[in-house]
Number of protein chains: 2
Amino acid sequence: MLKLTRKVEYALIAVRHMQAMESGKLTSAKEIALSHGLPQQLLAKTLQKMAKENIIEAVQGPSGGYRISSNSDKISLKDFFEKLEGPLGMMDCYFDSECIQLGACNIRTPIQRINDNMRNMFSKMTLREATQ
Amino acid sequence: MLKLTRKVEYALIAVRHMQAMESGKLTSAKEIALSHGLPQQLLAKTLQKMAKENIIEAVQGPSGGYRISSNSDKISLKDFFEKLEGPLGMMDCYFDSECIQLGACNIRTPIQRINDNMRNMFSKMTLREATQ
DNA sequence: TTATATACGATAATTATAGTCGTATTTATT
DNA sequence: AATAAATACGACTATAATTATCGTATATAA
């Protein structure tokens with residue numbers, strides 16, 4: 001429970017890989033996949049998603065690839081997670097108001113309390129701090 | 001991502017239900033299931049698990065049932081989660097040393113850093129605080 | 001023109017979660 | 001002693017979410 005998904009795991013591996021590269025140099029999905037034994041296609045999707053979200057920069061064409069974005073220092077872990085996987089909620093009712101329980105629900109407040117703590121924690125922690 | 005499971009959700013609902021009862025009074029799986037529209041059998045298993053872990057007390061036989069345990073005040077949210085679902089780790093490698101990555105893994109330290117923060121947060125928060 | 005890279009939608013496979021079934025055990029009540 | 005209502009629990013099925021693959025389009029350096 002409360003485990004990171006593979007998508008996020010691969011994203012973290014890729015970020016660290018790119019951070020370790022010489023500044024400005026590009027690396028490819030293939031290169032990262034091979035050096036860490038990850039499924040290339042799935043990793044590629046995650047990289048594409050990160051590029052779309054400006055966590056990394058993409059360069060197309062042969063001898064293209066990805067590099068870490070300059071503003072990646074300012075990204076919080078919360079944003080990183082949410083950019084990749086959507087709202088970071090321990091339960092749907094935190095964002096979604098639709099719930100079968102309706103009036104019978106007695107844990108809405110507790111859930112929100114727990115969620116707020118978790119979101120707050122990941123807001124304070126930057127991707128940089130986590131991966132350096 | 002990072003969502004609570006139904007097991008934990010049902011457990012929280014049950015705990016709140018029991019907290020709202022007159023002190024010492026028993027309630028049954030059936031009663032909780034009916035009043036909150038939960039699947040009785042599944043809830044029953046969760047209640048049994050909580051009883052086994054001394055979060056609640058079980059009384060067998062007809063007119064038996066469950067009540068909140070007196071020491072439930074001291075239980076942290078981390079313990080509550082872990083008693084119900086096992087180790088609270090965002091990734092297996094935090095507890096498990098077996099990993100396909102072996103030497104190629106570059107995120108062991110980051111993952112542990114993230115996990116430590118999360119475990120620390122849930123250690124400081126009690127079940128009582130969360131559900132009151 | 002070709003080769004190599006990103007981009008991306010659709011779909012298949014796998015795994016984890018959620019829920020059910022059947023049966024045994026306990027015990028208050030009659 | 002018999003019955004009924006509750007907990008206890010292992011095995012199984014169904015469902016949902018995650019993970020992975022496939023096929024194709026687009027960009028661009030050589």
Side-chain angles (χ1 to χ4, degrees), chain A residues 1-11 13-14 18 25-34 36-67 69 81 84-87 89-92 96 100-101, chain B residues 1-14 18 25-34 36-67 69 81 84-92 96 100-101:
Chain A
M1 109 173 251
L2 297 180
K3 276 183 190 162
L4 254 57
T5 59
R6 283 286 153 84
K7 228 197 265 181
V8 172
E9 179 181 347
Y10 296 164
I13 291 174
M18 286 182 259
K25 276 275 169 67
L26 293 168
T27 183
S28 69
K30 193 176 177 183
E31 191 174 281
I32 300 174
L34 282 177
H36 295 91
L38 310 180
Q40 184 177 334
Q41 305 246 45
L42 189 53
L43 171 68
K45 289 200 165 180
T46 302
L47 290 166
Q48 284 156 29
K49 181 80 178 164
M50 284 199 284
K52 211 172 192 176
E53 300 289 349
N54 296 313
I55 300 168
I56 61 179
E57 286 168 23
V59 176
Q60 285 197 327
S63 79
Y66 302 94
R67 68 167 75 91
S69 168
F81 290 160
L84 288 174
E85 304 251 47
M90 291 177 73
M91 201 147 293
D92 293 329
D96 238 330
I100 332 128
Q101 288 266 306
Chain B
M1 109 172 252
L2 297 179
K3 275 182 190 159
L4 253 55
T5 59
R6 283 287 153 84
K7 229 197 267 182
V8 171
E9 178 182 348
Y10 296 164
L12 283 172
I13 291 174
M18 288 182 257
K25 277 275 170 66
L26 292 168
T27 184
S28 68
K30 194 178 179 184
E31 191 173 280
I32 301 174
L34 283 176
H36 295 90
L38 311 180
Q40 184 176 335
Q41 304 247 43
L42 189 52
L43 171 68
K45 287 198 166 181
T46 302
L47 290 165
Q48 284 156 29
K49 181 81 178 166
M50 282 199 284
K52 212 172 191 175
E53 299 289 349
N54 297 312
I55 299 168
I56 62 178
E57 286 168 23
V59 176
Q60 285 197 327
S63 79
Y66 302 94
R67 68 166 75 91
S69 167
F81 290 160
L84 287 174
E85 304 251 47
L88 174 63
M90 290 177 73
M91 201 147 292
D92 294 328
D96 237 331
I100 333 126
Q101 287 267 305

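Naming convention: chains lettered A, B, ... in sequence-line order (proteins, then strands); numbering from 1 in each chain.
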[X] versus [Y], closest heavy-atom pair with distance:
| X | Y | answer |
| --- | --- | --- |
| B/Leu43 | B/Ala29 | CD2-O, 3.5 Å |
| B/Ser63 | B/Leu26 | O-CD1, 3.8 Å |
| A/Arg67 | A/Lys25 | CB-O, 3.7 Å |

Separation of [X] atom [atom1] from [N] atom [atom2], in whole Å?
| X | N | atom1 | atom2 | answer |
| --- | --- | --- | --- | --- |
| A/Tyr66 | D/dT28 | OH | P | 14 Å |
| B/Arg6 | D/dA14 | CZ | C1' | 14 Å |
| B/Arg67 | D/dT7 | CZ | P | 13 Å |
| A/Gln40 | D/dA20 | CD | C1' | 13 Å |
| B/Leu47 | D/dA8 | CG | P | 9 Å |
| A/Glu9 | D/dA20 | CD | C1' | 14 Å |
| A/Leu42 | D/dA20 | CG | P | 6 Å |

Considering only side-chain heavy atoms of A/Ser63, which listed nucleotide, D/dA11, D/dA29, D/dA8, is closest?
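Within the option list, the nearest is D/dA29.
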Where the side chain of A/Gln41 is defined as all heavy atoms beyond and including C-beta, which of D/dT19, D/dG23, D/dA8 is the nearest nucleotide?
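The closest nucleotide is D/dG23.
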Which residue, B/Pro39 or B/Pro62, contacts DNA chain C at a nucleotide closer to its 5' end, judged by nearest heavy atom?
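Its nearest nucleotide being more 5', the pick is B/Pro39.
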Any side-chain heavy atom of [X] sitting closer than 4.5 Å to one from [Y]?
| X | Y | answer |
| --- | --- | --- |
| B/Leu12 | B/Leu4 | yes |
| B/Gln48 | B/Tyr66 | yes |
| A/Leu47 | A/Tyr10 | no |

With a 4.0 angstrom cut-off to heavy atoms of chain B, pull out the first and last contacting nucleotide of DNA chain C, in 5'-to-3' order.
C/dA18 to C/dA28
Applying a 4.0 Å non-hydrogen cut-off, can you work out what B/Ala44 is touching in the nucleic acid: base, sugar-phosphate, or nothing?
nothing
Atom pair CD/NE2 of A/Glu31 and A/His36 - distance to nearest 0.5 Å:
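Taking CD in A/Glu31 and NE2 in A/His36, the distance rounds to 10.0 Å.
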